[in-house]
Amino acid sequence: AGCQVTALSRSRPKNSRDSAFRWFPWSLGDLPPEEAFTESGGFSPPSTIIHLAHQWATSVRDTKTSYDDDINVRGTRLLYNTAKKFNVQRFVFASSASSREDALNDYGRIKWSIEQLLDCGGAVSARISLVYGGQRNGLWGTLSRLVSFSPVILMIGTRYLNQPIHLNDLCDGLIKLAHEKKLNRRIYALADPNPVTFGRFLKQIANETFGRPLIIVPVSIRFVLTLLNIVDPFIKIPPMIRERINGLAGITTLDSRVDLQDIGLRLRPID
């Protein structure tokens, strides 16, 4: 799009040889390198930060009182304060559709806590729904592998509404949030305005990706959580399993239509 891009990440991205691209090693929770915010080597100081990083390893905890010491909150605060120090005009935070003060999972509450840090006019949070498309990584990869195992699967939350957004549409939305001279709100929902049930979405993945139908046997979320509590004293259940289940149980529908119109983003139909 004609932009210069500075990336801060643990490893060097594959496209780092591009003349309009530079990279600095950085991990969430570390102080960002100040040279990334200055003019050097033909690069102008960055005018926008798109903050995508999230550390999952420490995102599940036993207490819900405060997340001030969570690495995601601390790391974002360091990055945000550095952005303000160097007069970065726009700070786009990749939040989540599950972001709520009373979210059922830690991930949603952490995202909400970070949103509260963004107090200046140039900061905006993108509440992103379930992302599909592209390489089969993350949750998209998990769902793709799940429906590929068998034509019949057991699944929780099949009646819960989801608002999937294609990876390319999400990227377009983040770039639009970075470029818009004036934004009318602090939070934008990047989600399909026409929700589909989780069960229907899984069937569409099976049909479009693997060319076969999928039969889903619904299982109660409450039953699964009760079963985990029963077996936990004998078989230690990884906290991330409950985190994922609670995340699915706590999904709420976002009214994204006006937000998408405001930045001129049209999503491809899920079909």
Side-chain angles (χ1 to χ4, degrees), residues 1-13 16 20-59 65-101 103 106-128 170-190 259 262-263 265:
C3 299
Q4 292 180 330
V5 176
T6 297
L8 305 180
S9 60
R10 290 176 178 171
S11 57
R12 184 185 296 272
S16 58
F21 185 94
R22 63 177 178 173
W23 170 77
F24 293 92
W26 173 76
S27 292
L28 186 65
D30 295 342
L31 192 65
E34 292 194 352
E35 58 265 36
F37 295 83
T38 60
E39 182 177 2
S40 65
F43 277 76
S44 302
S47 60
T48 297
I49 289 179
I50 301 179
H51 174 32
L52 302 167
H54 186 84
Q55 171 61 266
W56 280 97
T58 60
S59 293
T65 55
S66 174
Y67 292 92
D68 288 344
D69 62 339
D70 181 84
I71 189 173
N72 297 287
V73 178
R74 288 189 290 106
T76 301
R77 186 183 293 111
L78 285 171
L79 183 63
Y80 185 50
N81 288 340
T82 303
K84 290 195 290 187
K85 175 182 177 180
F86 286 91
N87 298 314
V88 177
Q89 300 165 17
R90 179 67 50 79
F91 190 98
V92 181
F93 169 56
S95 187
S96 167
S98 63
S99 173
R100 297 200 316 274
E101 184 178 13
D106 288 282
Y107 180 72
R109 292 190 294 271
I110 287 171
K111 290 293 188 180
W112 184 88
S113 298
I114 293 174
E115 290 178 358
Q116 310 316 302
L117 296 175
L118 311 181
D119 55 3
C120 71
V124 60
S125 297
R127 289 187 176 174
I128 301 168
L170 169 60
C171 291
D172 287 344
L174 292 173
I175 292 173
K176 286 178 179 294
L177 290 175
H179 278 272
E180 284 290 331
K181 293 182 179 180
K182 181 182 178 182
L183 295 174
N184 297 316
R185 48 185 62 84
R186 291 181 58 247
I187 296 175
Y188 281 80
L190 298 185
D259 291 356
D262 194 49
I263 58 174
L265 181 64

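The residues of the chain are indexed from 1 along the displayed sequence. What's counted below: heavy atoms across the whole structure, side chains too, no hydrogens, waters or symmetry copies.
In this structure, the side chain of Trp23 engages the main chain of Ser11 through a donor-acceptor pair within 3.5 Å. In this structure, Arg109 contributes its side chain and Ala103 its backbone to a donor-acceptor pair below 3.5 Å. Checking side-chain atoms of Arg22 against main-chain N and O of Thr6 turns up no donor-acceptor pair under 3.5 Å. Remark: the backbone N or O of Gly42 is paired with a side-chain donor or acceptor of Gln4 at under 3.5 angstrom.
The two residues Ala189 and Asp259 make their nearest non-hydrogen contact at N-OD2, 2.8 Å. When all heavy atoms of Leu52 and Ala94 are compared, the closest pair comes out as CD2-CB, 3.8 Å. Looking at every heavy atom in both residues, Gly29 comes nearest to Ile71 through CA-CG1, 4.1 Å. Contact detail for Lys111 and Phe93: the closest heavy-atom pair is CD-CZ, 3.6 Å. Contact between Leu118 and Val124 at its shortest, heavy atoms only, is CD1-O, 4.4 Å. In terms of heavy atoms, Ala178 sits closest to Ile50 at CB-CD1, 4.2 Å.
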Exercise. Would Arg127 and Ser95 satisfy side-chain hydrogen bond (donor to acceptor under 3.5 Å, both in side chains), going step by step from the backbone distance to the final call?
Worked result: CA-CA 5 Å; Arg127 289 187 176 174; Ser95 187; 4.7 Å; no

For this session: May I have the step-by-step check of ring pair (Phe, Tyr, Trp, His ring centres under 6.0 Å) for Tyr80 and His51, ending in yes or no?
Result: CA-CA 9 Å; Tyr80 185 50; His51 174 32; 9.8 Å; no

Exercise. Step by step, would you call Ser113 with Asp70 a side-chain contact (heavy atoms from CB on, under 4.5 Å)?
Worked result: CA-CA 10 Å; Ser113 298; Asp70 181 84; over 6 Å; no

Exercise. Does the pair Leu265 and Leu190 meet the rule for a side-chain contact (heavy atoms from CB on, under 4.5 Å), with working shown?
Worked result: CA-CA 9 Å; Leu265 181 64; Leu190 298 185; 4.2 Å; yes

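Under the 3.5 Å distance criterion, with hydrogens and angles disregarded, a donor-acceptor pair is assigned to the side chains of Ser98 and Ser96.
Atom CD1 of Ile263 is separated from atom NE2 of His179 by 12.0 Å, given to the nearest 0.5 angstrom. To the nearest 0.5 Å, the span separating OG on Ser99 from OH on Tyr107 amounts to 9.5 Å. With rounding to the nearest 0.5 Å, the separation of CG in Asn72 from CD1 in Ile110 is 5.5 Å. A distance of 7.5 Å separates CD in Glu101 from CD in Gln116, rounded to the nearest 0.5 Å. Note: Ser125 OG to Tyr188 OH = 11.5 Å, rounded to the nearest 0.5 Å. For the atom pair Leu174 CG and Lys176 NZ, the distance stands at 12.0 Å (nearest 0.5 Å).
Between Arg90 and Glu180 there is no salt bridge, since none of the side-chain N atoms of the basic residue sits less than 4.0 Å from a carboxylate O of the acidic one. Ion pairing of Glu115 with Arg186 is absent here, as no side-chain N (NZ or NE/NH1/NH2) approaches a carboxylate O to less than 4.0 Å. Under 4.0 Å is where a charged nitrogen must lie from a carboxylate oxygen, and between Arg185 and Asp262 at least one such pair does. A salt bridge does not link Asp30 with Arg10: every distance from a Lys NZ or Arg NE/NH1/NH2 to an Asp or Glu carboxylate oxygen is 4.0 Å or more.
Taking a 6.0 Å sphere around CD of Gln89, one finds it holds 12 or fewer heavy atoms contributed by other residues, nucleotides or ligands.
Using bins of under 30°, 30° to 60° and over 60° for the plane-to-plane angle, the ring pair Phe86/Phe37 lands in the parallel bin.
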